[in-house]
Structure formats: structure tokens, C-alpha cells
Colleague: 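Below is the structure I would like to discuss, written out as C-alpha cells.
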Amino acid sequence: MSERKDFLRTIVEEDLKAGKYKEVITRFPPEPNGFPHIGHAKSIAINFGIARDYNGHCNLRMDDTNPTTEDTKYVEALKDAIEWLGFEWHGNVRFTSDYFPKLYEYAITLIKMGKAYVDSIDEEEMREFRGTVTEAGKRSKYGERTVEENLDLLERMKKGEFKDGEHVLRAKIDMSAANMKMRDPLLYRIRHAHHFRTGNEWAIYPMYDFAHCLSDYIEGISHSICTLEFENNREIYDWVLDTLELEPPRPYQYEFARLGINYTVMSKRKLLELVEGGQVNGWDDPRLPTIAGYKRRGYTPESILTFCDQIGIAKANSMVDVAQLEFCIRDDMNPKVPRVMCVLDPLKVTIENYEGSEEIDASYYPDDVPKEGSRKLPFSREIYIEREDFSETPPKGYFRLTPEQPVRLKHAYIISCKEVIKDDNGRIIEIKAEYYPASKSGSDTSGIKVKSAIQWLDAKAAKTVEVRLYDRLFSSEAPEGVEDINPNSLEVIENALIEPAVINEKPDERFQFERQGYFYADPIDYSDENPVFNKIVGLKDSWGKKKKSPKQEQKPQAKKEQIDGEVAAMSESEQARYDRYTSELKLNSEVANTLARDEKLSSFYEEALSTLHSPVALANMVSNEVARELKENDVDTLKFSAKQVAELVRMLDEETISGKIAKQVFEEMVKSGENPTQIVEAKGLIQISDPAIIAPIIDEIIAKNPDNVAKFKAGNTKLLGFFVGQVLKSTGGKANPKVVNALVAEKLH
RNA sequence: UGGGGUAUCGCCAAGCGGUAAGGCACCAGUUUUUGGUACUGGUAUUCGGGGGUUCGAAUCCCUCUACCCCAUCCA
């Protein structure tokens, strides 16, 4: 478990501590209507991860309430994804369809309570009756149906007596609710369709908002975690469970931001378009962000999970950089995978002073990877190197082979270029080279310094392989659709060369092709006759980057100008109050404004003012602290009174307590409604202003923090606050901060 | 436009009135027979803007702005 908690884990811990649930039970509830992608992986990591961290469990539930879009092949894909990621669901796979009978019973209960009715208007009318975001809707006349009528109709709907769309069951809530979702949401619709599990048994199917909360409840879920777009649905979730007066405990819903990654798309619709439009080769195309795609490409489950862990969980819509994912897979591969040599674009090199052949022993792992294993590298007169590793006219900073610059053949000898052979078009077709016999890797006595070591392959022994190079599927950071597709996202190299050990010995299925990247033996297309490797990800390439963009000028974008909107005008009475507050009571305009514009606040203020004539201090307290409490509550639900607030301010005025303590006392009043004087007395919160008491505490703090003293003296004046904070902390907030400030400043100078 | 959310470095993200964590990316240096890895150091005088409260504000109050979600018999 990561030691730093996200907001969901914080909630779970609080609930556990409060004894709200015996056990944490989460669920991963996909609709089986598409292939899971890395966004699902995030949700899986959260739900299964939380269950694991708190010794609870996580269910897998297929939310199969819409028979027309769902299919059993998707449930298999979903199960595969979870297993591949290494999680285990609790018990059997659950299906919302398992609960159809129970759900139906709950619907009947709701009807009997007068909380649901059968509506029989058509879709168009329903839309009209729903109103708009700014206008209230109205209930159809069918809302008046009797319980008996509703019961009868629902039963006949279930039996299949009506056609699709003739009737629906709706919750009877509020057609003028500000939350559109609460305007009598649909609970059931008629659907004469074949369901992949229940067949033709049901003619009616529950809607998400009805089925989901109850399925959670039925399974004993404690924390129902979903994505942000369901925030508005939470109110129905609560309404259904509360209205039914179910036996506690009941689940609560929490939302987090779904995952977005740049240069790709994540919506089911867009993914489907790509697959069906033939832009990619199926759901497991390695360029797709589907779990099947990552798996086929060679990503490991560990790397995906690490990624999910690194990006965190929050509520801000965000777009994660693919570089973060790429880092995770590289980081996972680096210490695990054998290094091997592969040449993608071969250039022939003839070593003119070499006769015969030999086999060179070479470790699969570099010195910094503590793993054992090696293979034989055939070596003879004719070899291939990467075309990019030779340059006749090298750019500045080029480390590889040139007519003037020798290079090491990795694990073998140093060579230098003697002659460049070109064809009629001026294309280089061969290099004539010379090797240094004394330079053999491991026993080099030549004393020749080279700037780099390159991969190479013996011409006769090298094996031909197919290598598939993948680049990002889209060229735009936030692709809209097909028009943003990167035309070069797939490059197939049919005749790459690889060392024979990779094919013959098969030391692993994932490799680092030295200096190129990590590659994976394609699980489907690979055969001994036609080996195929997928590029998982390239190595970091600081040379390639430098070449492409010599200087990446990062101009700091100018701070964007913010336009201030109009502030709503004050009404006449508000204006009158404002004028009186500023002129008569000498309040500053901001405080007066806050008070004057709020009916509740101003009357509270004036009531307090009648007890204590301290207009400014009172105004500050009311417009800041009391305002917070009055935001969501009415005056009569508050536990404290205006009189008590006045009392608190009086203590402040008399300097019995500090402003800091006043806040603390106020919090207490909000919770308990106790008198401020009593709170202060009971907790001994009276302010300490005597320097004789404070000074020794400061000395102690200074003695304990020599580093910070030094930093302060070096000019970090922010640290004054640190010292004041420490002193206040050790006095329980009671030290008079003004005195502390003065004393600390004095002692540190 | 009503309601519900969100805003902290180029990208994620901690932070809950007392020194602006961390990761990715980036830059520099050291090591290196991978221009990889590893290691070291550098990157926010400032938290969407403006006010206010406070000895002290990213954190509390007011206000403005931008973005996301909601008017499927989808989930």
C-alpha cells in the first residue's frame, strides 16, 4: 500500500474507524458491451486495490441490464483483463441479471409506497414534460394512477403484454428538481429482446439508476466507487436506498476522475470505430489502449499497475502524458530482460584483415543487472551493422563509425573504416573495414579509445525476423477521431536480422534489442519459421532527441489576462444596509458587502451587535466564520447563538484569547453549542502573553532546529513563520502570537 | 441560462491556518563496452484572477473567470 493515501482510502479508513462497516466490500461493475481498456485498469486497480489494502474483498459484477448491447464475449474479455492484472474477484462472477427477481420485488414495494408509477406517454412527450435545465418540468397525468393500477400494469409489462415503449415505470420524485436526474427517473422499460443470460424470460429491464444501487446493496457493498459523470446520479442512488428503508448498513457512492492519456482515445465508441473501420487490426492491436492491446504489445501487468499507482486518484479531469506509462514499462523491463543484438536496417561491413571465424561468449545482461546467463556470438569476416551507425559526413557530436572514427562492435573488436563502397546512385552499400586484434572485448590491450559500442551481426549466422515498430496511433495530443490518425503508426520490417541464440535458445519472450528498445515475441503470429517481434517501447534516446530539436525553446507563456465579470447589483435594501455598515459602523467595504448581501448573515450580525457593541470585530467574525456555517444551514439549525458569538468576540476584544484560539473555540461551539466562556475555562485556553514564560520555549525550539536557524540567518525569512508555528504548537496555541513573533525575531538576530 | 463538480510546475499529484511533498518530462554533472541504466544536483518567492479575515492563508470568507458533467426508454 502506498503510504500516502488518496481521498477514497481516506474515506474508507474513516468509515472503518467509525465502525460504519464490518468489512470493506467494493465491486468492479462493468457493462459487458465492449473491450476493457486502461481506464478500466485504473478502476480495477482502485476497487481491487482498496479491498486488498483493507482486508476486504471485491466483487466482479457484470452490469447487464441492457440486453441489446451486451454479449458474453465481452464478459470473457473483462474476466481475462482482471486475471491478467493479477486480481481475484470474490466468489463467482455476479450479474445484475441474477437480481432481476429481487429488483422486481423492490419495484413493487416502491409502487405500494406510492413512490413509483407506470407512465404511458411517448418518448417525445416525456422529453417535453421533463423541462429544461432552467425550467421546471411537469408530471404526466399518469402520475395519478392508483397503486392497484400501477401494480397491475407493471405485472402485465413484465408478462410481455405490451410493446416496447408503451409504458415505463418511473420513480415519483420531483418534476421540478434542479437536478435533472431527479425529475421522476425511469426505473424499468419494456424491451422485447434476447438477453445473453436470461434469454426471453423478461420483457422488462431495470435502468441503471434503479439496478445499480440495489445490486450494490444486495451484495453488501460498502463503498461504491465510480467515475465523475455519475455525480448527478448519486442523488437517485441515495433516494432509492433511503426510500426503501433498507436495513443498514447501506453502500455509499464516491466518484473519481476517469483516466485520459494523450495521443490516444479511450471511449468505447471511438475504439469501436477504429476496430470496425479497419484503422487497426482488431481489439488487441498493439497500438490500442485496450488491455488486450497492451498485453499483445508486450506490456506487463506490473507496469500497468505501477502506472495506475503513480497517476493517483483525484477528482480533477486530467490528461496523463503517455511518457509516464512508457517510463513504467521501461522501468519494469530494465532489470529483468536479456539484452540481445538486432539490426533493423543492415549495412554490410567486410573486415578485410580478419580470417576464419570464432564464437564470442557474451552475457545476456549488463553489469548493472544482477542476473546470470550468456550466449555465443558467431563472428567472422562479414558482418552487418545498423545503417544509422555509420556516417560519412557525421554531424557534430556523432559517436559512431565514420571514416575517421573507430567504433567498438559490442562484445567484440574495435574496427575502423577503410573504404566506403557506393552504388551508381551514390547509396552506400558496403564498408571495407579493419579490426584491431588486440582490442577484443574483455582482453583489450590496444589502448584505442572509442566513443561508442554498436550492435552487429555475423552475416552468415544471422537469422531473419519480422519486427513490428509501433508509434503513437494519433498525431494529435487530444485526438477527435479518424482524421487525427498518425499514418505511420505501424512500420513492419520484414527482414530484420537477429542473433541466432534468440531463436534457438529462446531465453525469454521479452528482450531488449541493444540500443533500440524493448521487444516482445508476438504471442499470436510468432513461429519458429517466421519469428515476429513487437516493439513495446523504445529506449530513452537523448541523442535522437538532441538531433531533432537542437534547442527546445520553452518560452514561458505570458500569464493570460483574466477578465472580471460584472458583479450583480445590490437591491435597494441591501444597498441601504451596506451604506449604514460602512458609514455608521465603519466596516470595510468587503466585509460590509458580504454582510449586506446576505439576509441570514446580516440579521445574525445585528442580533450579535445588540449584545456587544464591537461592530468591526463582530463583523469580521460573522462574515468569515459564521458565514461558513450559514452557507448550508439555516439559523435555527445552528447549535450556537448570536449571543454566544458576541461573547466570544468580547473575549477577543479583551485579549483574553488570541484569534487563533477564538477559531478553535468557535469550532467547538459549532459542534457542541457550549458557551465560549465555559469552553475556554474547561480547556484552559487563556492567552499567554508573558515574555518570561514564552522566552524559554523559544530558546528550546531554536536549540532543536539548528539547520533552520542557519537557513534563517542565511536569508530565508519565511522561516520566521516556522518558528512561530513551532512555539504555538508547543503551547497548544495559547501563546500570544504577536509576542512570540517579536521575541523570535529578536532572538534570531 | 438552473444544478452538480474541478482549478497547486510542461503532465500527473500531495497538502486540510505555521518551511509549497513526490513521480513523469526537462536541464546539467558523475559512472558506463547500450547516446540505456544508476547516482548527484537544478528546476513553483507561489497555488485560476481580484479583494477580505489573521501575527501568519494554497488552506477560512466574499467575488469573478475558465473547464467538465446533467434535459437516452444507455451505463
Side-chain angles (χ1 to χ4, degrees), chain A residues 4 30-31 33 63 65-66 69 123 126-127 130-135 137 164-165 168 177-181 183 186 188-191 207-208 212 228-235 255 257 262 310-312 314-321 323-324 327 330 334-335 339 366-369 397 399 408 410-411 441 444 450-455 512 514-516 539-544 546 552 554 560-567 588-591 593-594 597 620-621 623-625 627-628 658-660 663 708 711 716 718-726 728-729 736-738 740-742:
Chain A
R4 194 191 75 237
E31 182 189 13
N33 71 344
D63 208 3
T65 57
N66 184 1
T69 57
E123 271 190 81
M126 193 168 301
R127 201 166 21 250
R130 188 146 30 217
T132 68
V133 287
T134 48
E135 296 160 52
D164 285 11
V168 291
N179 179 356
M180 295 293 293
K181 294 267 178 196
R183 321 253 254 228
L186 271 58
Y188 272 95
R189 79 287 214 183
I190 299 170
R191 192 112 325 159
M207 303 291 290
Y208 166 85
H212 202 94
L228 244 32
E229 67 269 29
F230 291 99
E231 275 171 326
N232 296 319
N233 301 60
R234 187 175 57 232
E235 209 176 337
E255 311 86 14
N262 59 9
Q310 283 186 3
I311 57 175
K315 297 192 73 155
N317 286 314
S318 56
M319 179 82 90
V320 179
D321 195 335
Q324 186 107 27
F327 167 82
R330 281 193 204 106
N334 181 247
R339 317 292 141 122
D367 291 339
D368 50 10
V369 173
F399 289 174
R408 173 174 298 280
K410 176 94 184 173
H411 297 121
S441 187
D444 185 353
V450 291
K451 291 205 172 108
S452 78
I454 62 172
Q455 72 272 26
Q512 184 193 107
E514 203 102 28
R515 301 210 300 137
Q516 303 194 117
L539 258 27
K540 265 182 79 168
D541 181 9
S542 37
W543 168 243
K546 203 175 281 178
Q552 225 180 2
Q554 250 185 353
K560 47 196 175 246
E561 199 77 19
Q562 283 220 44
I563 323 120
D564 270 12
E566 287 287 289
V567 178
N588 84 36
S589 59
E590 193 62 32
V591 172
N593 190 45
T594 306
R597 281 170 181 276
N620 288 341
M621 183 66 72
S623 71
N624 286 289
E625 310 305 313
R628 178 172 58 245
S658 66
K660 191 183 175 75
K663 278 207 164 193
N708 281 335
K711 275 195 227 167
N716 189 347
K718 271 185 299 189
L719 254 25
L720 188 67
F722 163 77
F723 288 106
V724 175
Q726 292 299 309
L728 255 61
K729 200 171 155 191
N736 183 332
K738 282 181 203 164
V740 175
N741 259 303

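Here is how names work: the chains are called A, B, and so on, in the same order as the sequence lines, proteins then strands, and each is numbered from 1.
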Colleague: Rounded to the Å, how far apart are A/R628 CZ and B/C62 C1'?
Modeller: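 Taking CZ of A/R628 and C1' of B/C62, I get 13 Å after rounding.
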Colleague: Students often get this wrong, so: under 4.0 angstrom with heavy atoms, is A/V320 touching a base, only sugar-phosphate, or nothing?
Modeller: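 Sugar-phosphate contact only - A/V320 comes under 4.0 Å of backbone atoms but never of a base.
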Colleague: Could you work out the separation of B/U30 and B/G36 based on their P atoms and round it to a whole Å?
Modeller: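 Comparing P positions in B/U30 and B/G36 gives a spacing of 13 Å.
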Colleague: Is A/V168 close to A/M207 at the side-chain level, that is, under 4.5 Å between some pair of heavy atoms?
Modeller: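 Of all side-chain heavy-atom pairs linking A/V168 with A/M207, none is under 4.5 Å.
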Colleague: For a 4.5 angstrom cut-off between non-hydrogen side-chain atoms, does A/M180 reach A/R130?
Modeller: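 They are in contact (side-chain heavy atoms under 4.5 Å apart), so the answer is yes.
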Colleague: For residues A/F230 and A/Y208, determine if any side-chain heavy atom of one lies less than 4.5 Å from a side-chain heavy atom of the other.
Modeller: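 Result yes, sub-4.5 Å side-chain heavy-atom pair found.
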Colleague: What is the minimum heavy-atom distance between A/Q310 and A/Q324, and which atoms define it?
Modeller: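 Smallest heavy-atom distance, with atoms named: OE1-NE2, 2.9 Å.
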Colleague: Identify, between A/S623 and A/K660, the residue whose nearest nucleotide on RNA chain B lies closer to the 5' end.
Modeller: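 Counting from the 5' end, the first nearest nucleotide belongs to A/K660.
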Colleague: For every nucleotide of nucleotides 33-38 of chain B, 5' to 3': is a protein heavy atom under 4.0 Å from its base (B), only from its sugar-phosphate (S), or from neither (-)?
Modeller: BBBBB-
Colleague: Could you report the tightest heavy-atom contact between A/V591 and A/N588, atom names first, then the distance?
Modeller: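 Minimum heavy-atom separation between A/V591 and A/N588: N-OD1, 2.9 Å.
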Colleague: Would you mind telling me which residue lines up with the more 5' stretch of RNA chain B, A/A257 or A/N624, judged by nearest nucleotide?
Modeller: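 Comparing both residues, the 5'-ward one is A/A257.
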Colleague: Would you please name every residue forming a side-chain contact (heavy atoms from CB on, under 4.5 Å) with A/V369, sequence neighbours left out?
Modeller: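 A/V369: side-chain contact (heavy atoms from CB on, under 4.5 Å) contacts with A/R339, A/Y365, A/P366, A/K371.
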Colleague: For the atom pair OG1 (A/T594) and CG (A/N624), what is the distance rounded to the nearest 0.5 Å?
Modeller: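 So the gap between those two atoms works out to 7.5 Å.
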Colleague: Does A/E229 have any salt bridge (Lys or Arg N to Asp or Glu O under 4.0 Å) partners at least two apart in sequence or in another chain, and if so, which?
Modeller: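 By the salt bridge (Lys or Arg N to Asp or Glu O under 4.0 Å) rule, A/E229 matches A/R258.
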Colleague: Starting at NZ of A/K729 and ending at P of B/G18, how long is that distance when rounded to a whole Å?
Modeller: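 Distance check: A/K729 NZ to B/G18 P gives 9 Å.
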Colleague: Distance check, P atoms only: B/C24 and B/G41, in whole angstrom units.
Modeller: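 The answer is 14 Å between these two P atoms.
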Colleague: Rounding to an integer number of angstrom, what distance separates B/A71 and B/G15 when you compare their P atoms?
Modeller: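 Their P atoms lie roughly 33 Å apart.
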Colleague: Tell me the closest heavy-atom pair linking A/S623 and A/A627, and the distance in Å.
Modeller: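 Answer, listing the atom of A/S623 first, then A/A627: O-CB, 3.3 Å.
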Colleague: Select base, sugar-phosphate, or nothing to describe what A/K663 touches, counting heavy atoms under 4.0 Å on all strands.
Modeller: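 Base contact.
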Colleague: Between A/L719 (CG) and B/G56 (P), how many Å, whole number?
Modeller: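 So the CG-P distance, A/L719 to B/G56, works out to 18 Å.
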Colleague: Does A/N593 put a side-chain nitrogen or oxygen below 4.0 Å from OP1 or OP2 of B/U63?
Modeller: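 It does not, given that no N or O in the side chain of A/N593 lies less than 4.0 Å from OP1 or OP2 of B/U63.
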Colleague: Can you give one letter per nucleotide of nucleotides 64-75 of chain B, going 5' to 3': B for a protein heavy atom under 4.0 Å from the base, S for sugar-phosphate only, - for none?
Modeller: SB--SBSBSBSB
Colleague: Locate the shortest heavy-atom distance separating A/K540 from A/R330; write the atom from each residue and the value.
Modeller: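 Minimum heavy-atom contact is N-NE, 3.8 Å.
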Colleague: In whole Å, I'd like the distance from the CG atom of A/N262 to the C1' atom of B/C12.
Modeller: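 Rounded to the whole Å, the gap is 11 Å.
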Colleague: Suppose you measure atom P in B/C70 against the same atom in B/G50; what distance do you get, rounded to whole Å?
Modeller: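 B/C70 and B/G50 have their P atoms separated by 32 Å.
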Colleague: Are any protein N/O atoms closer than 3.5 Å to N/O atoms in nucleotides 41-45 of chain B? If there are, list each pair with its distance.
Modeller:
none

Colleague: What interatomic distance, in whole Å, is found between C1' of B/U8 and the corresponding atom of B/A57?
Modeller: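 Their C1' atoms lie roughly 14 Å apart.
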Colleague: So what does A/M621 hit on the nucleic acid, given a heavy-atom distance under 4.0 Å: a base, only sugar-phosphate, or nothing?
Modeller: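 Touches nothing.
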Colleague: Can you tell me the pairing partner of B/G56 across any strand shown, Watson-Crick or G-U wobble, with both distances under 3.5 angstrom?
Modeller: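 Partner of B/G56: none.
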Colleague: Decide, for B/U72, between syn and anti: a glycosidic angle within 90° of 0 counts as syn, anything else as anti.
Modeller: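 B/U72: syn.
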Colleague: In this structure, how many angstroms lie between the P atom of B/A14 and the NZ atom of A/K315, rounded?
Modeller: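 My rounded result for the distance is 12 Å.
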Colleague: With heavy-atom distances below 4.5 Å as the criterion, would you say the side chains of A/K410 and A/R515 are in contact?
Modeller: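 Sidechains of A/R515 and A/K410: no contact.
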Colleague: Searching all strands shown, indicate the nucleotide that pairs with B/U37 (Watson-Crick or G-U wobble; both distances under 3.5 Å).
Modeller: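 The base-pairing partner of B/U37, which may sit in any strand shown, does not exist here.
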Colleague: Without decimals, in angstroms, what is the distance between A/Q726 CD and B/G56 P?
Modeller: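 The answer, rounded to whole Å, is 19 Å.
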Colleague: Is it the case that atom NZ in A/K315 sees more than 12 heavy atoms from other parts of the structure closer than 6.0 Å?
Modeller: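 Result for NZ/A/K315: enclosed.
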Colleague: Is there a Watson-Crick or G-U wobble partner for B/C11 with both distances under 3.5 Å, and which nucleotide is it?
Modeller: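 Paired with B/G23.
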Colleague: I need the CG-P distance between A/N620 and B/C55, as an integer number of Å.
Modeller: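 Rounded to whole Å, this separation is 10 Å.
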Colleague: Rounding to an integer number of Å, can you tell me how far A/R597 CZ sits from B/G52 C1'?
Modeller: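 It works out to 14 Å between those atoms.
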Colleague: With A/D63, which residues qualify under side-chain hydrogen bond (donor to acceptor under 3.5 Å, both in side chains), at least two apart?
Modeller: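 side-chain hydrogen bond (donor to acceptor under 3.5 Å, both in side chains) check on A/D63 returns A/T96, A/H212.
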Colleague: Pairing check on B/A71: which nucleotide meets the Watson-Crick or G-U wobble criteria with it, both distances under 3.5 Å?
Modeller: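 Its partner: none found.
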Colleague: Among B/A7, B/G5, B/C61, which nucleotide has an atom closest to any side-chain atom of A/A316?
Modeller: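 Per side-chain heavy atoms of A/A316, the pick is B/A7.
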Colleague: Would a 4.5 Å heavy-atom cut-off, applied to side chains only, mark A/N33 and A/N66 as touching?
Modeller: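 No, side chains not in contact.
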Colleague: Regarding B/C11, can its base be found pairing with the side chain of A/D321 as donor and acceptor, where the two atoms are less than 3.5 Å apart?
Modeller: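 Counting by modelled atom types and ignoring angles, no donor-acceptor contact under 3.5 Å is found here.
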Colleague: C1' atom, B/A28 versus B/G35: distance in rounded Å?
Modeller: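 Rounded to whole Å, the distance is 16 Å.
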Colleague: A/E590 side chain: which of B/C12, B/U19, B/G51 is closest?
Modeller: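 Nearest nucleotide to the side chain: B/G51.
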